[in-house]
Amino acid sequence: MIKQALEEIARGTAEIIDMERIKKLVTQYYTDGTTYTVKAGFDPTAPDLHLGHTVLLQKLATFQKFGAQVQFLIGDFTAMIGDPTGKSVTRKVLSKEEIVQNISSYTKQAFKILDESKTTIVYNNDWLEKLGAAGILQLASNLTVARMLERDDFSKRYTSNTPIAVSEFLYPLLQGYDSVHLRSDIEIGGTDQKFNLLMGRQLQKVYGIHKQQSVLMMPILEGTDGVQKMSKSLGNYIGVTEAPKEIYGKILSISDTLMWRYYELLSDKSLEETVKLKGDVASGTLHPKKAKEALALEITTRFYNEELATLAKEEFDAVFKAKKLPTQMDEYEMPEGIWIAQALVDANLEPSTSQARRDIRQNAVSIDQKKISDEKLNLSAGEYVLQVGKKRFAKVKVGS
RNA sequence: GGUGGGUUACUCAAGUGGCCAACGAGGGCGGACUGUAAAUCCGCUGACUACGUCUUCGAAGGUUCGAAUCCUUCACCCACCA
């Protein structure tokens with residue numbers, strides 16, 4: 001039982017520091033029911049969670065199954081600084097109002113995965129605000145500039161003449177201090193957080209906490225492009241609040257290589273099942289697309305339910321395999337004689353008439369599933385389905 | 001505080017008086033091929049009912065027939081020195 005728990009905990013992780021401690025904590029839980037705390041920090045900058053965030057959330061959920069109380073830390077104070085991790089430029093500072101607004105939608109989405117009864121939401125503003133200038137100075141005295149510059153992204157930015165705000169140096173310190181305050185047993189985060197996570201251990205030692213937290217790092221999930229990390233600003237994300245057909249479609253559009261990565265980090269399938277699946281695809285017994293469909297269904301089901309996920313699949317197959325029209329389309333009304341390029345813009349299919357004309361010239365635009373080539377066309381009265389490329393559809397009603 | 005360098009489209013990055021709506025690369029979009037996969041090939045990538053007009057090269061002025069390019073002021077960034 002304990003062995004199985006530890007295997008599940010270790011699954012998909014990039015690195016674990018002090019696995020022994022985790023082993024002890026889990027063992028103790030199974031011996032006398034003593035729980036332990038697992039901390040994870042969340043930046044309230046992105047109100048929309050995407051699959052990249054869920055990698056971490058799922059790991060937390062795993063811990064909850066094995067006796068952990070999750071400390072769901074909202075970095076409302078640190079968000080005012082902006083985590084420098086992985087950023088090539090200094091991040092903009094958020095206002096208090098923006099932060100408050102982001103938090104509620106954030107936690108709501110997170111509880112689609114986490115067990116609410118085993119989760120404590122904490123805000124680091126509660127204790128960091130009280131730290132005061134003196135406290136911060138004391139905290140900062142624990143670290144040298146040279147040590148800070150050891151950190152990869154700082155040194156890269158430094159050597160490439162990219163600015164580093166002094167306040168950014170404080171970020172790892174404050175995050176580490178959170179672990180001191182919360183006396184966390186374990187902290188989990190992405191590999192890009194390594195420096196910050198280790199800071200927690202170091203500061204716990206300095207502040208006289210005998211048991212330093214274990215650190216568990218999850219790999220960063222690549223976005224749908226398969227190269228860069230999943231992030232909203234890069235537009236390569238799959239959001240958990242997106243419509244079922246969006247989630248399903250986006251997963252199906254990832255590359256085969258990336259699919260295995262998603263299986264490892266996002267699927268609930270056991271390790272053996274995944275290995276078998278991979279073997280079947282490699283040997284040609286199973287078409288890779290089948291494996292991808294299964295994954296897409298599983299993940300869509302997680303955020304909705306099986307029925308809606310199946311519907312999404314059917315819709316997808318109808319539109320893209322059978323080339324039928326989607327069942328749901330935005331509808332617009334337009335005056336008679338409207339110029340086709342203008343109609344495409346008004347239906348939000350194109351950003352400008354210039355772009356619309358270019359696409360018509362490139363054979364990308366269809367009316368009622370027939371390609372058109374006349375960019376000067378005016379629409380007479382009637383109902384049409386406009387389409388740009390493979391994915392963009394709209395229904396328009398022309399005339400009164 | 002001093003000295004030097006920099007700011008060009010989504011990003012990186014050419015361009016130092018007209019050939020510049022601005023090379024190139026990446027990204028994005030579209031087409032072909034497919035499994036809406038990858039890889040590959042091709043095209044497009046400021047706006048405007050459009051072989052012309054308008055707005056863009058940190059900001060504002062100026063010189064000039066003509067400026068991303070020259071001058072002035074301002075803002076921001078970086079390095080070295082203090």
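Numbered from 1 within each chain, the chains take letters A, B, ... in sequence-line order.
Between the side chain of A:Asn363 and the base of B:G30, no donor-acceptor pair of N or O atoms lies under 3.5 Å. Within 3.5 Å, a donor on the side chain of A:Thr353 pairs with an acceptor on the base of B:A50, or the reverse.
Atom CG in A:Asp359 sits roughly 7 Å away from atom P in B:G30 (whole-Å rounding). When the C1' atom of B:G30 is taken as reference, atom CD of A:Gln387 falls 12 Å away, rounded to whole Å.
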Pick out the pairs of N or O atoms, protein on one side and nucleotides 53-55 of chain B on the other, that lie under 3.5 Å.
none

Mind listing the N/O atom pairs, protein and nucleotides 24-27 of chain B, below 3.5 Å?
none

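Using N1 to N3 plus N6-O4 or O6-N4 for Watson-Crick, or N1-O2 and O6-N3 for G-U wobble, each under 3.5 Å, B:C70 pairs with B:G62. Under the Watson-Crick or G-U wobble criterion, with both distances below 3.5 Å, B:A32 is paired with B:U40. The pairing partner recorded for B:A75 is B:U7, the criterion being a Watson-Crick or G-U wobble arrangement whose two distances lie under 3.5 angstrom. In this entry B:G1 has B:C81 as its Watson-Crick or G-U wobble partner, both defining distances falling under 3.5 Å.
Across all strands, A:Leu258 comes closer than 4.0 Å to no nucleic acid atom at all (heavy-atom distances). A:Arg357 comes within 4.0 angstrom of a base, heavy atoms only. If you check every strand for non-hydrogen atoms under 4.0 Å, A:Gly249 touches a base. Here A:Asn236 lies out of heavy-atom contact (under 4.0 Å) with every strand. Among the atoms of the strands shown, only primed sugar atoms or phosphate atoms (P, OP1, OP2) are found under 4.0 Å from some heavy atom of A:Ser255. Across all strands, A:Lys371 comes closer than 4.0 Å only to sugar-phosphate atoms, never to a base (heavy-atom distances).
Note on ring orientation: taking the six-membered ring where Trp is involved, the planes of A:Trp260 and A:Tyr263 are parallel (angle under 30°, cut-offs 30° and 60°).
Near-neighbour residues of RNA chain B inside residues 293-327 of chain A, defined by a heavy atom below 4.0 Å, number-ordered: A:Phe316, A:Phe320.
Between B:C48, B:C29, B:G31, one nucleotide has an atom nearer to the side chain of A:Ser352 than all others, and that is B:C48. Picking from B:U49, B:G30, B:A50 the nucleotide with the shortest atom distance to the side chain of A:Trp339 gives B:U49. Side-chain proximity of A:Lys289 to the nucleotides B:U36, B:G30, B:A37 is greatest for B:U36.
Hydrophobic clustering places A:Met218 together with A:Phe66 (ILVMFWY residues linked when any side-chain heavy atoms are closer than 4.5 Å, directly or through intermediates).
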side-chain contact (heavy atoms from CB on, under 4.5 Å) between A:Val385 and A:Val396, intermediate numbers included: CA-CA 6 Å; A:Val385 173; A:Val396 298; over 6 Å; no

